[in-house]
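Note sheet for the following structure.
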Amino acid sequence: MAEEIELRWQDRWESSGTFYAANPSGALTDGNGEHAGDRPPFFIMDMFPYPSGAGLHVGHPLGYIATDVVGRFRRMQGDNVLHTLGYDAFGLPAEQFAVQTGQHPRTTTEANMVNMRRQLRRMGLAHDPRRTFATIDPEYVRWTQWIFLQMFGSWYDVDAVRPDGGTGRARPIAELEAEYAEGTRAVPGGRSWADLDAGEQRDVVDSQRLAYVSEAPVNWCPGLGTVLANEEVTSDGRSERGNFPVFQRSLRQWNMRITAYADRLVDDLDLIDWPEKVKAMQRNWIGRSEGAQVRFALQPSASAQDAVPGVDGIEVFTTRPDTLFGATFMVVAPEHPVVDQVPAAWPEGTKDAWTGGHATPREAVTAYRAEAAAKTAVERQADAGKKTGVFTGLFGSNPVDGAAVPVFTADYVLMGYGTGAIMAVPGGDARDFAFAEAFDLPVIYTVAPGGDVDALDRGEAFTGDGLVVNSAAASDDGVTLDGLDVATAKRTVIDWLDARGAGTGTVTYRLRDWLFSRQRYWGEPFPIVYGEDGRPLAVPENQLPVDLPEVPDYAPRVFDADDADSSPEPPLGRNQDWVDVELDLGDGPRTYRRDTNTMPNWAGSCWYYLRYLDPTDDEHVVSPELEKYWLGAHHNASSGPAGGVDLYVGGVEHAVLHLLYARFWHKVLHDLGHVSSLEPFGKLFNQGYVQAYAFRDDRGQPVPAAEVEEHEDGGTTTYTWNGQTVTREYGKMGKSLKNVVTPDEMYEQYGADTFRVYEMSMGPLDLSRPWETRAVVGAQRFLQRLWRNVVDETSGRTTVVETPADAATLRAVHRTIADVTVEMAEMRPNTAIARLITLNNHLTSLGEVPREAVEPLVLMTAPVAPHIAEELWQRLGHAESLAHEPFPTALDEYLVEESVTCVVQVKGKVRGKITVSPSISEEDLRAAALAEPNVQRQIGDAEIRKVIIRAPKLVNVVV
RNA sequence: GCGCGAGUGGCGGAAUGGUAGACGCGCUAGCUUCAGGUGCUAGUGUCCGAAAGGGCGUGGGGGUUCAAGUCCCCCCUCGCGCACCA
């Protein structure tokens, strides 16, 4: 009967608008007859799906069911629940699927969405259907492009004070131009604004935009035919999608100035309720590290004090300026420009081990550079332990004591981090120590535990905390750090360096600006055109969206995966009629050239939560009033100090991609006054994954998991398929492993309610768990038993009785209400379901089921099994849907037990149980406990030293 | 190496410092049934014992406590993330 009941209720919910969420204003003010203002808003959201061609397996809906359960529960608790689902429909997989099947990406994507909508609808999700959309919809693309233009049209003013008291925020670029023109802001380069020609003015402004074009080394992936963001490249230098090699190439590309927000992206993590793991990943990715930049002058030899002509010196970054006296050499990255300035011959003081056997420094560094460049990322990682490098023939001068320190180049120093140069302190850094050992360089320890140098292990670097030693000034104007703790020494030496112009305290980040252009077809076109001077110009807002053109072939131009010298060729460039466009940008109609790049698919997912608030708004990106109502800080109990979505559920795989990008966009929109909240997602929850067993035959080929038989043979379990023994493994569910179970199979065999109950009862939501189809029957038995407690199976008549429930049943009901309410509020549907089953089993044992007991049970079951609950509710005589029915509340008078089991322990071990009144006095309980025969036997002749009494549940007799 | 998390029956998993194993799967027995399945009832950590009862038991080792799966210290294993980041 499940199918008939479920489809009927799904139709009714849809036709009655049961799950419409009411907006306080605008187009969507109706929400099932209730006014938004009467109820606290609760905005719950899933990471929206990618409509893939494969359809869903039973693992995908786990999060959707979880949010649905929470949403239905909160709705019954009186919240105005906003829950809907859209589709993230641009991007590589959709495009690849289209290319494979020879159809237009829009055709396949839309077909995939139809199938996914069907699969999801059959699950009975309580979504507001009016608020769904796909990122490919032109009305949505319009606003995605509009946000891009906001980025293009603004800059980051590091001195501007924000309302929250911090400094730095995005401002419209027109204000920057105005300040330059008025002379209230100094023009970079020192010239006056009026002295610059129009092109120079544009260059000054363009270089400061939040969305900017730059020629810089980027990640070029020939196998995908596009450039990629750092976040899309794995640590071994391959594309996250497709696993193709990625090469560094200097190309002219769009970037987003996310680095301007690095500090706020780190600091504001403290304001949001996210898993520590995800926060740690974001902190790690941003990689803020505080230290100092120190300049070392260069000198031609160990003894000569004169500077090297034409060379400025080397700027290093260090987090340990306190160890400056221990810097016995320097290392620069092979790509560092100073390597080009090596002297003609090895200077005096060069040790044989430093030259790599080469006759001149030039030869040595050239050979080393070639060697380093040939190493792949994987090789580099594998060699991390052993240190290679070569002397450059240059010497630096240590600013604290003037000591000459040889400058090496080595690939363990990376050009992309800090200044690409370090001062090496072998006494305080394990890597520098290894290098010093390999190249026979001196080690000076400048920190020792408690300042005691004898406590040091001379065989390794000391990286721990302690007091500074061996750091005394040689002259009167020097700095002395001896005896200081590390933190004080850092401050002291930075002040000293600062005063002498030799260094300054700085902060360095690992985060790089976000490479934002892709050379693919299936994405948002840039709303940008180029004039004759090649500078980018915004397409006027009233001409948005810029639609994707039809092209002869939308497949990306891909290359041999290892062809590093290939160059990107955007598919949009194939339609010359589209590329050349006539526009009037204020100085009459002219012909412009469109930008042929598309945006990465992250663009659409950066702001979709805002569009849910009103997907038909064509006035604003989001109405300020709606944003404040649904996302504003402290708008309800679950909203944190930064505001944002009340509950956002999704997998952990987006920790540093989508979740970082969306936070960045939100902060820009905040700075520009479009949203009031500081953060997009106030609370984040990472659900676990549904895993599955897979089976392989003796050739290692996967066999259909559903057809495998299990055999128990005296303690050992074996598996066979078609009579042959197969081996079992555990992991992902996937087509290639032949272990996919689809929701459709579940609907057909068990119905959506059973499927939902099973998924929710498998274990805690944040845990990954194995799918076991044979265990689904437990959920089915529960629902069938519930059904039979209300309906006679043969006659179909309702069998509940109107007589009052007995006292024990009432206590069971109210105990269950109290427990389930807590479990649901804490997002533990597994234990909530356990309580429901317990109560249901109790009712089963009664013979006849009283209405006052079963109605609360039906209501409590509704969030997890909504269809059967609605049906039973109706059969119990209620005309209205129970979706908005108040969740039952427990009455205290029924929470008091009539009698309780008191555990009697002797020396902490349970030796007896006695049944007592819950209000028993300590004296009576003590007497009753000591009278228990087994307790008496255990005590025997021993003397009772102490009796711990926790009335009425526990007595512990200590002998 | 650093960070986050987890180790409990045959399996998934429950346990505000106070009865370890809720609930479910599986398994055993009984009832219902021509039979299978469904349904219902009872049992099911492990060892000793006919039973009453007792020994052992939450990765390992210490500790705090009347009492520890839970708190503290040390160690082991596994998963995830980051990693020559100065």
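Heavy-atom basis, side chains included; hydrogens, waters and symmetry copies ignored. Reminder, nothing fancy here: chain letters follow the sequence lines and each chain counts from 1.
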If pairing requires Watson-Crick or G-U wobble contacts with both distances under 3.5 Å, which nucleotide is the partner of [N]?
N	result
B:rA52	none
B:rU44	B:rG26
B:rG21	none
B:rU70	none
B:rG9	none
B:rG3	B:rC80
B:rU38	none

Please state the [atom1] separation for the pair [N] and [M] - nearest whole angstrom.
N	M	atom1	answer
B:rC84	B:rC71	C1'	39 Å
B:rG62	B:rA52	C1'	37 Å
B:rA35	B:rC23	P	32 Å
B:rG24	B:rG39	P	13 Å
B:rU16	B:rG7	P	14 Å
B:rA22	B:rC31	P	27 Å
B:rG1	B:rC74	P	16 Å
B:rU19	B:rA68	P	11 Å

_Students often mix this up, so state it plainly: with edges at 30° and 60°, are the rings of A:Phe435 and A:Phe439 parallel, tilted or perpendicular?_
parallel
Requested in this report: Describe, in one word, how the ring planes of A:Phe408 and A:Phe329 are oriented to each other, choosing from parallel (under 30°), tilted (30 to 60°) and perpendicular (over 60°).
Outcome: perpendicular
How long is the line joining [atom1] of [X] and [atom2] of [N], in whole Å?
X	N	atom1	atom2	result
A:Phe329	B:rA86	CZ	C1'	11 Å
A:Met281	B:rC80	CE	C1'	8 Å
A:Asn840	B:rC23	CG	P	13 Å
A:Leu511	B:rA83	CG	P	13 Å
A:Phe435	B:rC84	CZ	P	17 Å
A:Arg788	B:rU41	CZ	C1'	14 Å
A:Arg785	B:rU38	CZ	C1'	12 Å
A:Leu954	B:rU65	CG	C1'	14 Å

Is the distance from OP1 or OP2 of [N] to the nearest side-chain N or O of [X] less than 4.0 Å?
X	N	answer
A:Arg781	B:rG39	yes
A:Gln691	B:rG12	no
A:Lys946	B:rC66	yes
A:Arg510	B:rC82	no
A:Ser768	B:rG79	no
A:Asn841	B:rG24	yes
A:Lys909	B:rC56	yes
A:Arg911	B:rG53	no

Out of [options], whichever nucleotide has its closest atom nearest the side chain of [X]:
X	options	answer
A:Lys277	B:rG26, B:rC4, B:rC85	B:rC4
A:Val958	B:rC84, B:rG26, B:rC66	B:rC66
A:Arg828	B:rC84, B:rA15, B:rC11	B:rA15

- Message: Quick one, A:Leu786 and A:Leu857 - any side-chain contact, counting heavy atoms below 4.5 Å?
- Response: yes
Result for 5'-nearest mapping on RNA chain B, choosing between A:Glu276 and A:Arg320, is A:Glu276
Ranking A:Val903 and A:Asn284 by the position along RNA chain B of their nearest nucleotide, the one closer to 5' is A:Val903
What's [X] touching, base or sugar-phosphate or nothing? Going by heavy atoms closer than 4.0 Å.
X	result
A:Pro275	nothing
A:Gln938	sugar-phosphate
A:Ile837	sugar-phosphate
A:Asn830	sugar-phosphate
A:Val331	nothing
A:Lys953	nothing
A:Ile833	nothing
A:Lys907	nothing

Relative to A:Trp787, does A:Arg781 satisfy both conditions: NZ or CZ under 6.0 angstrom from the six-membered ring centre, and within 45 degrees of the ring's axis?
no
So is A:Lys387 actually on top of A:Tyr412's ring, under 6.0 Å and inside 45° of the axis? yes
Does [X] reach the main-chain N or O of [Y] with its side chain, forming a donor-acceptor pair under 3.5 Å?
X	Y	result
A:Thr319	A:Gly291	no
A:Asn830	A:Met762	no
A:Asp432	A:Val425	yes

B:rG9 glycosidic conformation (syn if within 90° of 0, otherwise anti) is syn
Could you go through the side-chain contact (heavy atoms from CB on, under 4.5 Å) check for A:Met760 and A:Leu765 one step at a time?
-> CA-CA 8 Å; A:Met760 290 297 99; A:Leu765 285 175; 3.9 Å; yes
